[in-house]
2 protein chains.
Amino acid sequence: MKQRITIRDVAKYSGVSSATVSYVLNGVDKVSTETKERVLDAIKKLNYQPDFTAISLSKKKSSILGVMIPLIGGSLSPLFKEDHYYTEFISGFEHVCRENGYDLLISGIENPEDCKNWVKKRNLDGLVFLGLFPKSLYEEMKTLQIPIVLIDIYGEYEKHFNSIKIADELGGYLATKHLTELGHRQIAFVGPPQKQSPVVSERYQGYKKALKEANIPLDKCSTFECDGNMESGYQIGEKILQSGKVFTGIVSNSDILAVGIISALQKNGIKVPENVSIVGFDDLAFSKYVSPALTTINQDILQKGEIAGQILIDAIENSSAKMEHVTMPVKLVRRDSTETLRK
Amino acid sequence: MKQRITIRDVAKYSGVSSATVSYVLNGVDKVSTETKERVLDAIKKLNYQPDFTAISLSKKKSSILGVMIPLIGGSLSPLFKEDHYYTEFISGFEHVCRENGYDLLISGIENPEDCKNWVKKRNLDGLVFLGLFPKSLYEEMKTLQIPIVLIDIYGEYEKHFNSIKIADELGGYLATKHLTELGHRQIAFVGPPQKQSPVVSERYQGYKKALKEANIPLDKCSTFECDGNMESGYQIGEKILQSGKVFTGIVSNSDILAVGIISALQKNGIKVPENVSIVGFDDLAFSKYVSPALTTINQDILQKGEIAGQILIDAIENSSAKMEHVTMPVKLVRRDSTETLRK
DNA sequence: TCACCTTATTTAACCGGTTAACTAGATATC
DNA sequence: GATATCTAGTTAACCGGTTAAATAAGGTGA
């Protein structure tokens, strides 16, 4: 069995103590230039690779960041499976992690205890919460001594953690205004229950605002509640048709939902955008290529992931770092799922 | 600063040595029932959580499995961002990991050295390669003493590692046969270059076989090469139109490509399936909901991830485990992107 | 010349577990 | 009754790093 090259091997080879090697490795300014060179030489010659496990143990710092994703039914939320949001976010996050020597651990979390234990057992240095978790979890997290970033979370817990979100209300507003400007006056809003998700609530506020500006009474429109996945969008699409009400415009809380809705409408002979215009939200990678290409509210998810990583790493390495609350911009991207109202 | 509860605290509390606690924790049959109870009681009372970092160091086993994803341009492959394949796989993989007390680390890999060092520095217990890597990487991996699972890899390296793949040739055959049975005789095959990807090559073999069975000379058809992402599919869609040749059927190497192709066709006034029938490959979560819903070759990606996890964990925990080579089934799922050839 | 800093380096304890080797007492074997 | 084997523990070294404290050598100032 091939033995691992340890710091002591390097020490022996270069004729110094292991402490000196460690100092060289950590850039502690205590070592003479020649010794340093000898050590670095030995490291190269022996192809020494530090063992992060040992470093973690003694420094109590793992250089690992955790990405927490809600579990539903014991499995990563169905959303994870179908929503590019997660992968785009993780791509950005991973990039920053890698560039700074951190690794990322992904885990589904079912209850607060699990999460806390997970952090403890792995000595995680930081955490990002990707998705909506029960309140008790945030409560538990307060007692954790590591930086945490909440993504897309509103409410009381913002105070206690770093947070990144987007201009959700503006997004809802822009989406709706786009439709009113195209002449639509019967506009439905589709999304998960606002009580569950403040993000939806924010977007809904924007929706209401745009309706008001266009002098459209709220009672001419309707809100449809559903889960966040495509299947749910499909079902809500059918429900809209069965509702008896006629809508010429739909504001969807996500592209994922929009795709499901469009699928249901088209299956029932309703054409998008000829009969119904629909605006999505997120501008996922695939939204440009579905048919019709989605008009949607763009957010830079990749960058969101990068910022999350930066905030965490900054907080870890720079103890004077302040709590961060970032609100990222949104913009309307016009494609083919919306058009001027036909008389 | 709150101190961590260690095994020695538990030992002191229950009046035994730390070794005894360790034995209890590891189920070593050396401890009397009463002592065991006392220890377990102390663990509960003190809310002791083992430190996996320390365990990793002494056992040289981290309980962490690595998921390696190719980097392109320093960032997780663009495919990762848009292809549900990855998330579905990871969902399955994560599930098995979690149930067995493993965590998963995700990292983009640029070159073989990185990968090897990564494994060393984190003491990873096992690895899954998700995507296509340069040959030199597999070569390097041979020297690693941990179980590895290759996903969708053909060729010489199969011998040295566990592998999971699907019946690719059959898939290509079924997709093509479906089109010939619908009366199509001008059928294009679209996918990444076969030289790069043996998976594509396999599927192409199936395609050829089906054409032959239908007495369609190969030269009436064409192969189009592209990358694996949607944008690439879109471009190839336009290229097909510009090629001057007329195809009524397209076999696409993936749903991702198919969506891009359809997008391009529709933008140019070509209707799917009225003018062109197209068969995808993978049956991703969203393929049911795009318009038209994709006829495609289904594979169970979630299960693929689960099997990958099982193979790794089995190999880690059971030293007598043999090398595994799994070929998973495929089946045609008929939806709306294909129809009988119109005269 | 002596006391006092600096600087470069070593020593050794520590992080929180595991585990081989040892021990003491009880039980079995001949 | 002497010896071997089991059982239920303990001791202490070890995993591979870090780091506070000790040390040795050289340089300064009075």
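Per chain, numbering begins at 1; letters A, B, ... match sequence-line order.
Remark: A:Thr20 engages A:Ser17 in a side chain to side chain donor-acceptor pair (under 3.5 Å) (not counting sequence neighbours). With sequence neighbours left out, A:Tyr102 forms a ring pair (Phe, Tyr, Trp, His ring centres under 6.0 Å) with no residue at all. Judged as a side chain to side chain donor-acceptor pair (under 3.5 Å), and not counting sequence neighbours, the contacts of A:Tyr85 are A:Asp152, A:Lys304.
Checking B:Lys121 against A:Thr53 by side-chain atom types alone, no donor-acceptor pair falls below 3.5 Å. A donor and an acceptor atom, one from each side chain of B:Lys322 and B:Asn162, are nowhere located under 3.5 Å apart. Counted by atom type alone, B:His325 and B:Ser163 present one or more donor-acceptor pairs between their side chains at under 3.5 Å.
For the residue pair B:Ser107 and A:Arg98, the shortest heavy atom distance occurs at OG-CD, 4.4 Å. Scanning all heavy atoms of the two residues, the minimum distance from A:Cys115 to A:Leu137 falls at CB-CD1, 3.7 Å.
Within residues 23-38 of chain B, the residues approaching DNA chain D are B:Tyr23, B:Lys30, B:Val31, B:Ser32, B:Thr35, by heavy-atom distance under 4.0 Å. Contacts between residues 46-53 of chain B and DNA chain D, defined by a heavy-atom separation under 4.0 Å, are absent.
Along DNA chain D, the nucleotide nearest to A:Ser58 and the one nearest to B:Ser18 differ in position, and the one closer to the 5' end is contacted by B:Ser18. Comparing B:Gly15 and B:Arg8 by the nucleotide of DNA chain D that holds the closest heavy atom to each, the one mapping nearer the 5' end is B:Gly15.
Among the protein residues, A:Thr6 comes within range of the sugar-phosphate backbone only, with heavy atoms under 4.0 Å from sugar or phosphate atoms but none that close to a base. Using a 4.0 Å heavy-atom cutoff across all strands shown, A:Leu57 reaches at least one base atom of the nucleic acid. Within 4.0 Å of B:Val16, counting heavy atoms only, lie sugar-phosphate atoms of the nucleic acid but no base atom.
Checked against a 6.0 Å centroid threshold, the rings of A:Phe129 and A:Phe133 count as neighbours.
Stacking of B:Lys45 on the aromatic ring of B:Tyr13 is not recorded, the 6.0 Å distance cut-off and the 45° axial limit not both being met.
One finds no salt bridge joining B:Lys81 and A:Glu88 here, because no Lys/Arg side-chain nitrogen approaches an Asp/Glu carboxylate oxygen to under 4.0 Å.
Using a 4.0 Å cutoff to heavy atoms of chain A, the contacted part of DNA chain C runs 5' to 3' from C:dA8 to C:dG16.
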